[in-house]
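Structure record follows, encoded as structure tokens.
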Amino acid sequence: MCDVRTVFTTSEVAEMLNLTPSYVLRLISTVDLSPSEFRKVGKRNCLFSEEAVQKLKNRKNSM
């Protein structure tokens, strides 16, 4: 289970990965994220666990 203090927004993830928020939203569709790792909270915003951020980082590096 994820601790709410370690949840990141789309903008925070984009900044950590040196990407744009829109690219992070597109990258989501290429990674298998479980419901406990990722949740949409609006049309253009999501919440990510630390595990989800690591998966996105790994995917970015493999592209």
Side-chain angles (χ1 to χ4, degrees):
M1 181 166 247
C2 184
D3 183 349
V4 295
R5 292 172 289 187
T6 58
V7 173
F8 305 98
T9 65
T10 304
S11 296
E12 290 171 329
V13 172
E15 188 175 318
M16 286 189 283
L17 300 180
N18 199 28
L19 300 170
T20 64
S22 11
Y23 191 79
V24 170
L25 294 172
R26 282 185 294 212
L27 193 59
I28 291 167
S29 64
T30 68
V31 179
D32 185 28
L33 298 176
S34 71
S36 65
E37 296 174 323
F38 156 81
R39 178 175 292 179
K40 287 194 171 214
V41 291
K43 187 173 180 178
R44 309 258 324 139
N45 205 9
C46 303
L47 295 176
F48 300 88
S49 69
E50 289 179 321
E51 294 83 8
V53 174
Q54 187 59 46
K55 285 183 180 182
L56 291 170
K57 182 178 182 180
N58 292 341
R59 178 66 177 149
K60 175 192 170 214
N61 291 337
S62 71
M63 294 179 95

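Any value given below was found using the heavy atoms of this structure, including those in side chains, with hydrogens, waters and symmetry copies removed.
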Quick check for you: to the nearest 0.5 Å, what is the distance between [X] atom [atom1] and [Y] atom [atom2]?
X   : Y   : atom1 : atom2 : result
K40 : N45 : NZ    : CG    : 10.5 Å
K60 : M16 : NZ    : CE    : 11.5 Å
L17 : F8  : CG    : CZ    : 10.5 Å
S49 : K55 : OG    : NZ    : 8.0 Å

All N/O donor-acceptor pairs, side-chain side in residues 23-32, below 3.5 Å, sequence neighbours left out:
unit_1, atom_1, unit_2, atom_2, d
S29, OG, R26, O, 2.8
T30, OG1, L27, O, 2.7
T30, OG1, R59, NE, 3.3

Contacts of N58 that satisfy side-chain hydrogen bond (donor to acceptor under 3.5 Å, both in side chains) - sequence neighbours left out
Q54
N61, CG atom: more than 12 neighbouring heavy atoms under 6.0 Å:
yes
Closest heavy-atom contact between E37 and A52?
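Distance-wise, the nearest heavy atoms are O-CB, 3.2 Å.
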Name all residues meeting the side-chain contact (heavy atoms from CB on, under 4.5 Å) criterion together with E15; count only those two or more places apart in sequence or in a different chain, and write none if there are none.
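E15: no side-chain contact (heavy atoms from CB on, under 4.5 Å) contacts found.
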S34/S36 under side chain to side chain donor-acceptor pair (under 3.5 Å): CA gap, chis, key distance, verdict:
CA-CA 5 Å; S34 71; S36 65; 3.1 Å; yes
